[in-house]
Participant: 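Structure in structure tokens, see below.
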Protein chains: 2
Amino acid sequence: MPATIRDVARASGVHISTVSRTFSAPHLVNPETRGRVLACAEELGYRPNRAARALITGRTHNIGLIIADIANPFFPPLIKAAESQARQRDYHVFVADTNEDPIAEEELVHALAKQVDGVLLCSPRMSNSLIEQLSREVPLVVINRQVAGLPCVTMDVGQGTRAAMEHLLDAGHRRIALLSGPRGSWTSREIRRAAGVAVRAGGGELTVLGPNPPTETGGSALAEQVRRAGVTAVLAYNDLMAIGLIEGLDALGLRVPQDVSVVGIDDITLSRLTRPKLTTVATPTAAAGRTAVDMLLQHDSVATRGARGGGRSGTIDDRRTTAQVMLRTELVIRDSTAAAPADGRHRPDAEVVAPGPHRLAGPGRPTVATGGVVAS
Amino acid sequence: MPATIRDVARASGVHISTVSRTFSAPHLVNPETRGRVLACAEELGYRPNRAARALITGRTHNIGLIIADIANPFFPPLIKAAESQARQRDYHVFVADTNEDPIAEEELVHALAKQVDGVLLCSPRMSNSLIEQLSREVPLVVINRQVAGLPCVTMDVGQGTRAAMEHLLDAGHRRIALLSGPRGSWTSREIRRAAGVAVRAGGGELTVLGPNPPTETGGSALAEQVRRAGVTAVLAYNDLMAIGLIEGLDALGLRVPQDVSVVGIDDITLSRLTRPKLTTVATPTAAAGRTAVDMLLQHDSVATRGARGGGRSGTIDDRRTTAQVMLRTELVIRDSTAAAPADGRHRPDAEVVAPGPHRLAGPGRPTVATGGVVAS
DNA sequence: TTGAAAGCGCTAACAT
DNA sequence: ATGTTAGCGCTTTCAA
């Protein structure tokens with residue numbers, strides 16, 4: 001039923017290749033002919049079949065977006081921005097949800113590989129080596145994680161964590177807890193590292209609780225542990241956990257921020273709507289989505305992984321041009337943090353992190369180009 | 001670079017058609033041969049190219065999901081459920097965001113049509129006639145709207161609205177406002193219709209404010225109008241608006257629920273997290289996503305719109321089997337509603353709906369099969 | 001049970 | 001500037 005290139009050719013009295021050119025290389029066709037072809041195409045409702053085109057050009061004009069959990073409010077703005085940016089460049093996007101499962105992630109990359117020109121891997125939980133290996137199958141841009149040799153866009157949570165900790169230390173807090181995120185999360189590791197350094201530098205003591213599921217439930221489940229730890233302030237892996245924690249604390253009769261100060265990370269919409277409004281490290285999610293798409297398509301346009309043409313270069317070769325972008329974050333102070341209560345609180349009984357073996361910026365770390373802009 | 005069917009054929013010493021059969025009709029191939037082929041395929045990391053397959057079978061194993069606004073928290077659970085259900089049936093899903101723009105909707109259907117076996121149109125804002133017309137181009141399942149002759153999955157917001165209104169009337173409210181949703185929203189029309197009837201039946205007076213953008217901002221912007229209307233209770237088109245309204249009311253010094261009761265619709269996660277917790281009409285979004293996918297794929301498996309085969313039947317023909325499913329909703333009473341204040345409040349100055357010309361269940365309405373189950 | 005051949009809708013050399 | 005031809009990776013008659 002749908003009109004094909006042949007229908008248009010017949011209708012406009014030219015060869016199919018002329019029709020093809022009219023769409024893929026208009027400058028090569030006589031304006032007059034072009035007009036006629038276009039008119040016929042319009043009339044017949046003809047639209048080039050992208051799949052057929054992909055078969056020969058090797059470029060599908062699709063991209064994959066693999067998300068840890070669509071229902072986690074951190075992601076929708078990123079998805080939205082990525083989709084919008086992609087479409088603006090005439091790309092469509094497959095969105096897939098892994099439920100935070102590394103196995104599902106891998107399977108999805110394989111499944112999508114043939115149908116897309118590249119995949120945006122958002123908050124992957126799999127190993128670095130697996131990511132590298134998959135990047136040989138299809139161009140990858142990694143979001144929320146750094147993988148040496150691959151284009152990555154990350155948020156500067158280290159800086160955000162420092163700012164948050166300094167904010168808490170300034171307010172007189174000394175015993176501080178960190179609710180860490182899921183196992184395998186690069187972001188969580190960065191936060192922990194930065195938190196350890198910052199708290200130590202400020203003369204405080206950090207208690208790390210986790211790993212945890214990055215959800216509201218994950219946060220509220222920690223209320224009792226937080227209480228027992230005897231801390232006066234908490235930094236959570238994300239806003240959802242922070243909000244859950246506040247709920248849980250509330251149920252235990254602990255008030256935020258009077259008894260305990262709580263800081264989140266992400267600045268999801270929700271964080272302005274709960275009471276108390278959440279102090280949090282704002283993370284430029286939409287910018288991350290846009291940037292990742294740009295990086296993928298730039299990377300991708302350079303390297304035509306065509307069936308006919310230059311072959312599968314670009315997947316490996318232009319690693320040199322591979323950029324790692326880190327987007328700035330920003331501490332947003334609202335109502336969930338206040339001065340530390342005057343009375344000393346009881347002793348902790350959870351793990352206490354002495355500075356430990358983490359290097360802050362050792363020689364092994366990949367160079368980071370800080371080029372991002374905070375979403376306003 | 002990626003292995004093709006030919007590589008596998010060469011490696012296993014059979015003709016490509018045998019390899020093809022091994023994957024698409026295994027029972028037609030000798031078990032021994034099949035084993036060998038499978039082994040080689042495995043070894044080479046071969047995966048059938050779906051685009052190439054689609055070219056000849058006419059079935060892409062992709063579906064499109066067109067969403068009014070991904071960032072609106074109503075949608076992510078639906079997207080997630082749809083994607084999950086689709087993938088379970090070996091389908092991938094394109095997600096596209098229209099920004100509530102009817103023009104974008106139409107354009108997206110066209111753009112996606114060739115790459116998918118069907119499109120889920122979620123909360124479309126375009127006209128019925130356009131939807132019908134588009135359904136001739138590609139199988140459509142409409143979510144959150146009823147279009148005669150097309151498979152639809154809707155939420156029974158009429159019932160939910162009645163329950164909400166009865167709840168308010170029981171609590172002594174007589175002056176009630178309805179914050180309507182976006183222009184073009186079927187759901188908004190249904191709510192208004194049901195609200196008018198229910199309030200009138202209960203001896204109350206309904207003030208309709210709108211149309212409005214279905215956002216928090218949309219809600220908070222209405223606070224002043226709500227105050228001037230002199231109502232003691234409000235039903236909002238969705239939770240986001242309800243929450244925004246509560247914020248706005250708060251800024252005007254009006255307390256919820258003491259001064260004004262507020263009811264939302266949807267029961268997004270957020271509604272349990274704001275203070276006061278929102279009374280709302282729970283809407284089974286995940287179930288809607290799953291159901292829509294099922295309807296599309298069932299519809300679709302019946303009708304092979306193959307290039308070679310039976311042609312583009314199914315798009316028009318089996319309208320007879322077209323189902324319209326309406327999912328049950330449920331009023332969830334939380335903390336944003338209370339008894340009407342004893343003192344009479346000032347007179348409204350916004351539009352007052354006398355029963356008006358709306359029929360509740362006129363002859364022109366399509367038959368509705370109520371078959372849904374509320375998501376627990 | 002397998003192979004041969006045609007072709008899905010399109011693009012890209014190569015001619016003209 | 002346009003037509004010819006080959007073929008992307010795959011499925012599907014039709015024969016053998």
Side-chain angles (χ1 to χ4, degrees), chain A residues 1-38 40-41 44-61 113-115 117 304-312, chain B residues 1-37 41 44-61 113-115 117 304-312:
Chain A
M1 188 58 200
T4 81
I5 201 174
R6 242 172 288 268
D7 300 323
V8 179
R10 200 174 308 122
S12 48
V14 297
H15 194 265
I16 62 164
S17 54
T18 301
V19 178
S20 173
R21 274 188 284 260
T22 303
F23 287 92
S24 41
H27 59 280
L28 292 182
V29 65
N30 186 314
E32 195 184 331
T33 325
R34 193 198 311 158
R36 194 152 30 92
V37 170
L38 252 17
C40 292
L44 297 175
Y46 169 77
R47 304 204 163 217
N49 181 326
R50 288 171 166 233
R53 179 181 283 180
L55 204 51
I56 190 161
T57 62
R59 314 193 77 252
T60 62
H61 267 243
K114 292 285 208 341
Q115 302 198 73
D117 295 336
T304 307
R305 49 182 213 120
R308 200 95 112 195
R312 39 54 305 149
Chain B
M1 189 59 199
T4 80
I5 201 174
R6 242 172 289 268
D7 299 323
V8 178
R10 200 174 308 124
S12 47
V14 297
H15 194 265
I16 62 164
S17 51
T18 301
V19 178
S20 173
R21 276 188 282 261
T22 303
F23 286 93
S24 42
H27 59 281
L28 292 183
V29 66
N30 185 313
E32 196 185 331
T33 324
R34 192 198 311 160
R36 192 152 33 90
V37 170
L44 296 174
Y46 168 76
R47 303 201 165 221
N49 182 325
R50 288 172 165 231
R53 179 180 284 180
L55 204 51
I56 190 162
T57 62
R59 314 192 75 254
T60 61
H61 267 245
K114 292 286 209 339
Q115 303 198 74
D117 295 335
T304 307
R305 48 181 214 123
R308 199 94 114 196
R312 54 5 5 117

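What you are looking at is a predicted structure, and each value in this text was computed from that prediction instead of being measured. Reckoned from all heavy atoms, side chains included, excluding hydrogens, waters and symmetry mates. Naming: A, B, ... by sequence-line order, numbering from 1 per chain.
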Participant: I need the CD-P distance between A:Q115 and D:dC10, as an integer number of Å.
Facilitator: 13 Å

Participant: Atom CZ of A:R53 to atom P of C:dA12: distance rounded to whole Å?
Facilitator: 9 Å

Participant: State the CD1-CZ distance between A:I16 and A:R21, to the nearest 0.5 angstrom.
Facilitator: 10.0 Å

Participant: Would you compute the distance between atom OG1 of A:T60 and atom CZ of A:R50 and round it to the nearest 0.5 angstrom?
Facilitator: 8.5 Å

Participant: Please assess B:R10 against B:D7 for the test side-chain contact (heavy atoms from CB on, under 4.5 Å), listing each intermediate value before the final yes or no.
Facilitator: CA-CA 5 Å; B:R10 200 174 308 124; B:D7 299 323; 3.5 Å; yes

Participant: So, does B:T4 get its side chain near the phosphate of D:dG9, meaning an N or O under 4.0 Å from OP1 or OP2?
Facilitator: no

Participant: What integer distance in Å separates A:I56:CD1 from C:dG7:P?
Facilitator: 18 Å

Participant: What heavy-atom pair brings B:L44 and B:A11 nearest, and what distance separates the two atoms?
Facilitator: CD1-CB, 4.1 Å

Participant: Based on the rotation axes of five pairs at each end, what angle does the helix from C:dT1-D:dA16 to C:dT16-D:dA1 bend through, to 10°?
Facilitator: 30°

Participant: What's B:Y46 touching, base or sugar-phosphate or nothing? Going by heavy atoms closer than 4.0 Å.
Facilitator: sugar-phosphate

Participant: Taking the side chain of A:L55 as heavy atoms from C-beta outward, which of C:dC10, D:dC8, D:dT11 is closest to it?
Facilitator: D:dC8

Participant: Write down the distance between CZ (B:R10) and C1' (D:dC10), rounded to a whole number of angstrom.
Facilitator: 15 Å

Participant: Nearest whole angstrom, please: distance from the C1' of D:dT11 to the NE2 of B:H61.
Facilitator: 14 Å

Participant: Roughly how many Å is it from NZ in B:K114 to C1' in C:dC10, rounded to a whole number?
Facilitator: 12 Å

Participant: Do you know the tightest heavy-atom contact between B:I5 and B:Y46?
Facilitator: N-CE1, 3.4 Å

Participant: Rounded to whole Å, please give me the gap between CG in A:D7 and C1' in C:dC8.
Facilitator: 13 Å

Participant: Looking at every non-hydrogen atom in both residues, tell me the closest pair between A:R59 and A:D117 and how far apart they are.
Facilitator: CA-OD1, 3.3 Å

Participant: Can you confirm whether B:N49 sits close enough to B:T4 that some side-chain heavy atom of one is under 4.5 Å from a side-chain heavy atom of the other?
Facilitator: no

Participant: Could you go through nucleotides 2-5 of chain D and list every protein N or O atom that sits under 3.5 Å from one of its N or O atoms, giving the distance for each pair?
Facilitator:
unit_1: D:dT2; atom_1: OP1; unit_2: A:T33; atom_2: OG1; d: 2.4
unit_1: D:dT2; atom_1: OP2; unit_2: A:N30; atom_2: N; d: 2.8
unit_1: D:dT2; atom_1: OP2; unit_2: A:T33; atom_2: OG1; d: 3.3
unit_1: D:dG3; atom_1: OP2; unit_2: A:H15; atom_2: N; d: 2.7
unit_1: D:dG3; atom_1: OP2; unit_2: A:T18; atom_2: OG1; d: 2.8
unit_1: D:dG3; atom_1: N7; unit_2: A:S17; atom_2: OG; d: 3.4
unit_1: D:dG3; atom_1: N7; unit_2: A:R21; atom_2: NH2; d: 2.8
unit_1: D:dG3; atom_1: O6; unit_2: A:R21; atom_2: NH1; d: 3.3
unit_1: D:dT4; atom_1: O4; unit_2: A:S17; atom_2: OG; d: 3.4

Participant: Under 3.5 Å, side-chain donor or acceptor atoms of residues 23-33 of chain A against the rest of the protein: list the pairs with distances, not counting sequence neighbours.
Facilitator:
unit_1: A:S24; atom_1: OG; unit_2: A:S20; atom_2: O; d: 2.8
unit_1: A:N30; atom_1: OD1; unit_2: A:E32; atom_2: N; d: 2.7

Participant: Report the distance from atom NE2 of A:H15 to atom CZ of A:R6, rounding to the nearest 0.5 Å.
Facilitator: 8.5 Å

Participant: Would you mind reading off the distance between A:F23 atom CZ and C:dT11 atom C1', rounded to a whole angstrom?
Facilitator: 14 Å

